[in-house]
Structure formats: structure tokens, C-alpha cells
Enquirer: 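Below you'll find the structure I mean.
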Amino acid sequence: MPIMKAPISLLAVTSAILGGSNGKSLRSSSPASYGTIGRSDYILQTGYVVGNGKVGAIPFGPPGADKINLNVDSLWSGGPFEVANYTGGNPSSPRYDALPEIRDRIFQNGTGGIAPLLGNGNYYGSNRVLGNLTVMFGGVESYTEYQRTLDLSDGVHRTKFSIGNNSTELEASVFCSYPDQVCVYHLGSDEQLPTITVNIENLLVEQSLLESSCERGILRHSGITQTGPPQGMKYAAVARVDPESVVTTCSREGSLQITTRKKELTIVVSAETNYDQKAGNEESGWSFKGEDPASIVDMTSSAAISKGYTRLLEHHINDYKNLTGDFSLQLPDTSSSKHKETAELIQNYTYDGPGNPFLENLLFDYARHLLISSSRENSLPANLQGRWTELLNPSWGADYHANINIQMNYWLADQTGLAETQHALWNYMEDTWVPRGTETAQLLYNASGWVTHNEMNIFGFTAMKDVAGWANYPAAAAWMMQHVWDNFEYTQDVTWLEKQGYPLIKGVAEFWVSSLQEDKFFNDGSLVVNPCNSPETGPTTFGCAHYQQLIHQLFNSVLAAQKFLSKPDTKFVDAITSSLNQLDTGLHFASWGGLKEWKLPEAYGYDNKSTHRHLSHLNGWYPGYSISSFANGYTNTTIQNAVKETLISRGMGNAEDANAGWAKVWRAACWARLNDTQRAYSELRYAIDENFVGNGLSMYWGSQPPFQIDANFGFAGAVLSMLVVDMPLAYGSEAKNRTVVLGPAIPAEWGNGKVMGLRLRGGGIVDFSWDGKGVVNKVKILSRGKERRKVHLVNMEGDHLADI
């Protein structure tokens, strides 16, 4: 085999200088394929994905016919770009006059309806694909020694192959740089490169809505989602090469043809829309419209190409490694899987087999890569498909569902040092949910504060849609405030708490203080939500366990935040304290041994055993802590047994209503908090077997499309729940110290592994390892954090390991 020359060896040297690979790479010996245009069971089942938060990319196609699927976070149909008077689903006049009758009927009959409050999803829109960058070159009639990898240590996608009787070697590298805001395609060879043709295509869009232009070293692609009125969303992309190192001409078809005597070529791609998240408020006319993206992508791509490939790569890897940081999970490679193809590992993985710690570790690391790639401070948060779609109308619009999905996307952030990725989430809520959600609270509930429901777009849709079982979910924001408070607990960033975190929490708490009702069904003096229904199941009723648990946590967060604020919110604290003292906390037991999902008497027939995909009334067990911590459930056998019976009833997460991966990993996490290693690991293996496909992404209907990313993120969250139990104490708790359990559910198959850089509440950071049975036996404290009470670190055998 010929010796690799400058461009490839330069890449290897640069990677080595910056830290190199730890061997955790997704790998394949065959190209990612697309198949029939517009089908979702090819590229998202075979391609490895990269991104910088704003732009997502999926390299695919055979050598000589490279394509890179491109997505921009804000490229959406619908909203004010489709209709001038878009209201975010809010009605034109108040509807809260219907609430007293709705509530009375529910208290009288136990159940009722909410028809007067329902809205519609007109002009809701959908996330949509930008197009493909195509890189075509000849001389590749056949190729050998093909290998593509996605290195999870640096976030770079690399494709290597030989052509011409193995006499010429080429390597194509793709990454999306956050510091330079471009995606980069680099082609290197040990021979002079052939003539290369570059284009940006989208065959799904009506061609009259697209414009392409070509000039020396630059290919422009722009479009508009509709001609209007109103004028649709504008989007633009630029592919740029260094005109000083190549000769470029424009073909009659508008493609960029590149000729060079060099052995390497770099193409940078910048893409943007005229969506402006900061313009989603009354002062801006709810327009969400910003400046024309053409000049932005021109400047961004020009600045990037001037830096050259080596500097672009260095900037990207430094940024990527800064985020991945000092956190590392190291499970044993018991089956010598390091150099095997990822698709082979997943195909051979069976639920009833021994597991594969290397693959499980790989999928955990992949989840961190996916979060880094789809959620950064200047982007929108990760949606139902992260940052990757190849369709104009993906399933569920690739939007934001907030009754488990967007929450699960961020389960892994705080504990693995990726808190920075959540800035996109906080900004999105502040800019798009709060302004319209304040209107929604007033128009539908005559309430203070702000509220949103289950399905959200990027245009401030905070109202109900038109199907009660899905639409009636005003608890969405309360659940999200758990993430806001958790972020502070782990980072101890008081400045952020005062500026952004606490105002978000307070706004949601204000809504619930003004919305709770005295229970007139049981007349027990408690405060309950009316109306409510458990997410996507059950009746419209009052006192749904899920809501009560979330509000319990929310009010605790308000009170716990006060000692960190420069000016305590005394008057509001009094209102919260009064409501919390009366609040039904949503912990009730069913006669068959499980937890009740509704406060209604069982005679109404709604609290029988169920295999429903959601575990909504276990939210206070996991990922929350209203039950597991505030009610002392982690040490209370009565509660533990009820949670166990509920989980047994719910089954494995493959009932008729769904065979979704997120349902399985949620169950795994709940079992882990019960310290049930066997069942937690069993559910984790079942999710891989049923829902994960050859490229490591998770599908919704078993292994069948659509792709839905929450199970990828939730998988990492479930692993973390097997590694540690770290819960806050209730506000005002008399306990002087807090206990963190290390290794509550580590299987023996992970024996002699370790985790490094794990974050704890209060700001502590620890490394720890475990023996061949999964029992933690060594702890190293890297940071003691800022928590005012002492934290005891123990393992599952009750051994005291350390204090922080």
C-alpha cells in the first residue's frame, strides 16, 4: 500500500497533537446510502451525523459521488412566514369564561371536557431539509479498502478508500465547526486531485422558489418558503473554496467546476435563514423576521475559508474537546468490538444475550456527540430529530414535544459537563414560550405568569391544538422548570440563576399559584389542577398525579432559590408557601399495589393496570424527585413496592400504542432508581435490540422509521441513573446532610469499569471505579463544589466512600 502523503498525514498529526482517538468510533466498510428520494429509511438509518448546533450534516453516497445532507435549525414552514396574522395558536378573544363551568362539571362528575379551550394547529409548520452539497469527481469506477468512521473523540467524519488498483488513496473529512460556524468538506489524496464538480441541490422543493448562482470559487444557493403574501422564510447557503489554490469555472447548469494541481481541496459551507428568535414578541410585531441571510453566509464562509483547513480543524477539535471535557465513561471491551463495524455490533446484539459493554459505551458517547452537535448557544435546542432530517415534512414536524421528548433530550447534559448545550434551550423558552405563553395564560386561564402546552414550533405556538388527549397539557413548562433548577444545582451559576433561571421558574410558578383549585370532589382542603389529563392517556379530570408532582417540585425550586438571590422575593414566597402547604402532591396508592395516575376513586375505572408507553405518574420517581426524594421514596419500602408494581404493569415499552425507544430507556432509568440492576440493564438491552439501527440512531416503531432522537439521549440518561442516585432534598428538610449513592445499578457485565468527571449537585465532581461485580470501591474527589451541607458518598453495599 502506498505511503499516505501530506493532506492525510497532516490530519493524523493534527489529531494526534490535539489528543487523538480513544478508539470509540462508529465505523462501516460501506457508504451510507440514500435510496428513493424523500424516504426516511435510508440516510437516517445508515449515515453518521455531525453538526455545530445551527447546521446539521449527514455525509452519504459512494466515492466519487459524495453528498452531504444539510439542515439549518431555523428552516421551517409555517408561522408568520406563511400567514400575516399568526397568533401562536392563541384565540383572538378570551376563552377563560368557559373555565368555571368546565371545572364545576369535572368536580361534580369526576371527568369532563375542555372543548371551549381547544385551538388548532393552522400554519403550525414543520422543520424542513435545506438540501444536499454534492461533490462529484471521476476516476472512481471501482474502489477498495473503503472505510468511513465518525470519531467520537473529535467529532470528525472520515472516509478513506483506494482507487486505480490501490495506487491512489483518498480521504474525505467532514465536520461542522461551532467556532467558525461552517461545515467543512476536505478531500485529500496522495496524487493530484481530479476535476471536481460541486453543487447544492434540493429536488424536493419547487424549483421556482430556488435560486442558484456560481462565480469564481463560490456557489450560492438560496430560496424562499413561499412567494407570499406574506413573504416566506428566506434561506441561503454558500459553498466556497479558496480561489487562490484552484481554478474554478461555472458550468452551464450552474455547478462549480474545480481544477487543481494540488493534492487537497477544502470546501466550506455556511447556511442561515432570516428567522430571528429575538423578534418573537409584541414589540417586534410577532414577526420572527431578521435580516437577509445572504450577506451573513457570505461573510461567514469568506472568513472561514481564509483560515485554511488546518486552522479550521484545530478550532473545531479544540471546541469539541473543551465540551467533552474531563468526563469519560469507560466500560470493558469484553468481546473485542473496538474495530468491528457498528452495524454488525448492533445487528448481532440481542436483548436476551450477554450485552456488549463496548457498544453500550459507544452509544452513550454517541449521545453526547449528538447533543454537542445539535444544541449550542446560538442555535435552537435539539428537536425531535436533533438537527437532522432529509424531508420537507418529517414526522411530527420534527418539532418540540414537551411531555417527555424535549426533556429526555437533555437528561445527560448536567451530569456529564454539557450544561453549556442547554443555553439554546433556556433562550428558546425565554424568547418564544414566555411572550406568547403569557398571552395564552391570560386568554385561556385568566392567569398570571406564562404557560405552554405539549407541541411547540419555533414561532411561539403555546396554545392547545385540537386533540384534547395531546393538547391539554399546561404542565409542559412546569416540567421544563425541573431542568432549569437542575442546571443551577449542578453548575451553581448564581449570575445565570438571577438573570434567566429564576425569572423562568417564577413565571411558571405564578401561573400555577393563580390556577390551582380547592378540591371540591373530595373536599379535603387540598389544592389540585382542574382540568388535567395524564399525557396522551386517560380522562380529563382533576388532581392528575403527574401535574401535582411537577408543581410540588416547582414550588420547592422557588423556595430553594431564595437564598441565592441578591434580593429575596418575599411576597411571592409567602404565596408559594401557602399553596405548597395545601398542595396535593400526587402520591396515592392503587388497590392492586401500584401508584395511582389520577386522584379519582378507582370505581371510575381509570386506574387499572396499563401498558401505556408513558410513565407520567412516575415522573416524581424519575427523572424527578417529588416521590423519590421529597416523599422519602428512595428509602420507603411502601413507595418502592408501589413503583415496582407500576413498572411491572407498564411492561417493557412495546405495547400496541408504541414500540418506541424512549419508553424503554425511561423504564430502565426508573428500575435503576429502584436499585434493580437486572431489570434496568434488561430494559437498556431491549431498547438497543428493538430500536437502534446500524448507524446508532434510534427509530420509533421498533427498528422502523421515523427516526426520533430522544431515545439516543435517554439511553445516556438511563446509563447515568445506573451510575448514580443524586437527588435534592425538599426545601426546609431537617436532614443536615445529603447522601449520594454511587453505582446503584451497575451490572456485572460492566465489571472493572470507571467513570471520570461525573458532576454532582452542588458543583462537586468525582471519579469512581467499581469491581468485577459492579460495586463501587474507589472514589476520587476532583471538586468539592459549593453545597452548604455535607454530602455523603456511599455505594450500594452501604459502604461509606467519601464526604464532599
Side-chain angles (χ1 to χ4, degrees), residues 363-364 366-375 380-388 395-396 398-416 418-419 421-422 424-426 428-429 454-456 470 473 475-487 534-536 546 549-550 553 612-625 647 650 653 658-673 680 683-684 686-688 690-692 696-700 706-722:
L363 292 175
F364 180 95
Y366 195 29
R368 298 188 78 220
H369 167 82
L370 293 171
L371 188 55
I372 292 169
S373 302
S374 61
S375 185
L380 287 160
N383 63 34
L384 280 177
Q385 293 192 190
R387 191 62 67 234
W388 302 277
S395 298
W396 302 288
D399 68 356
Y400 299 99
H401 278 47
N403 62 15
I404 179 57
N405 311 96
I406 191 173
Q407 290 91 345
M408 188 176 284
N409 283 3
Y410 289 89
W411 276 5
L412 64 96
D414 288 317
Q415 291 171 291
T416 70
L418 295 182
T421 64
Q422 296 180 115
L425 183 59
W426 316 144
Y428 167 71
M429 291 192 294
N454 178 37
E455 298 174 57
M456 279 75 68
W470 277 256
Y473 188 64
W479 193 341
M480 294 309 300
M481 292 311 103
Q482 176 190 315
H483 286 255
V484 171
W485 179 248
D486 284 353
N487 179 72
S534 210
E536 302 184 24
H546 176 75
Q549 293 166 17
L550 289 172
Q553 294 176 178
H612 195 268
R613 59 193 178 278
H614 281 263
L615 301 176
S616 300
H617 56 315
L618 294 188
N619 175 278
W621 180 258
Y622 184 95
Y625 27 78
L647 286 170
R650 279 304 206 242
N659 190 11
W662 62 259
K664 299 177 182 65
V665 296
W666 193 357
R667 285 157 170 77
C670 286
W671 282 118
R673 187 157 285 185
E683 277 283 1
L684 206 67
Y686 190 49
I688 297 174
E690 284 283 305
N691 296 100
F692 285 73
L697 296 180
S698 57
M699 301 295 122
Y700 188 84
F707 159 55
Q708 190 168 298
I709 202 170
D710 42 23
N712 282 92
F713 293 132
F715 179 92
V719 170
L720 288 167
S721 73
M722 297 165 74

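Please read these numbers as outputs of a predicted model, since none were measured by experiment. Just so you know, these numbers use all the heavy atoms, side chains as well, and skip hydrogens, waters and symmetry mates.
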Enquirer: Please identify each residue that fulfils ring-ring contact (aromatic ring centres under 6.0 Å, His included) with F715, with sequence neighbours left out.
Expert: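 So F715 forms a ring-ring contact (aromatic ring centres under 6.0 Å, His included) with F692.
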Enquirer: Return the set of residues passing salt bridge (charged side-chain N to carboxylate O under 4.0 Å, His left out) with D486 (not counting sequence neighbours), or none when no residue passes.
Expert: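 So D486 forms a salt bridge (charged side-chain N to carboxylate O under 4.0 Å, His left out) with R761.
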Enquirer: Can you sort out the partners of E690 under side chain to side chain contact (heavy atoms under 4.5 Å, CB included), two or more places apart, ordered by chain and number?
Expert: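 Residues passing side chain to side chain contact (heavy atoms under 4.5 Å, CB included) with E690: N659, K664, Y686.
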Enquirer: Under the salt bridge (charged side-chain N to carboxylate O under 4.0 Å, His left out) test, which residues partner E683, sequence neighbours left out?
Expert: none
Enquirer: Going by the rule side chain to side chain donor-acceptor pair (under 3.5 Å), which residues pair with S374 if we only count those two or more places apart in sequence or in a different chain?
Expert: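 Partners of S374 under the side chain to side chain donor-acceptor pair (under 3.5 Å) test: none.
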Enquirer: Where do N712 and S698 land on the side chain to side chain donor-acceptor pair (under 3.5 Å) test, with the steps shown first?
Expert: CA-CA 6 Å; N712 282 92; S698 57; 2.9 Å; yes
Enquirer: Output all residues satisfying salt bridge (charged side-chain N to carboxylate O under 4.0 Å, His left out) with R368, sequence neighbours left out; order by chain, then residue number.
Expert: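 Listed in chain order: nothing, the list is empty.
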Enquirer: Please enumerate all residues that pass side chain to side chain contact (heavy atoms under 4.5 Å, CB included) together with A476, with sequence neighbours excluded.
Expert: A402, T452, Y473
Enquirer: So, using side chain to side chain contact (heavy atoms under 4.5 Å, CB included) as the criterion, who are the partners of S373 when residues are at least two apart?
Expert: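 For S373, the residues satisfying side chain to side chain contact (heavy atoms under 4.5 Å, CB included) (neighbours in sequence not counted) are H369, W388.
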Enquirer: Would Q708 and D710 count as having a side-chain donor-acceptor pair, cut-off 3.5 Å?
Expert: yes
Enquirer: If the condition is side chain to side chain donor-acceptor pair (under 3.5 Å), which residues does N619 pass it with, not counting sequence neighbours?
Expert: none
Enquirer: Please enumerate all residues that pass side chain to side chain donor-acceptor pair (under 3.5 Å) together with Q407, with sequence neighbours excluded.
Expert: none
Enquirer: Does H612 have any ring-ring contact (aromatic ring centres under 6.0 Å, His included) partners at least two apart in sequence or in another chain, and if so, which?
Expert: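 Scan of H612 (ring-ring contact (aromatic ring centres under 6.0 Å, His included), adjacent residues dropped) gives H614.
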Enquirer: Between W411 and Y622, is the ring pair (Phe, Tyr, Trp, His ring centres under 6.0 Å) condition met? List the steps.
Expert: CA-CA 11 Å; W411 276 5; Y622 184 95; 5.1 Å; yes
Enquirer: For A716, what residues pass the side chain to side chain contact (heavy atoms under 4.5 Å, CB included) criterion, not counting sequence neighbours?
Expert: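 Partners of A716 by the side chain to side chain contact (heavy atoms under 4.5 Å, CB included) criterion, ordered by chain and then number, come out as F364, A367, L412.
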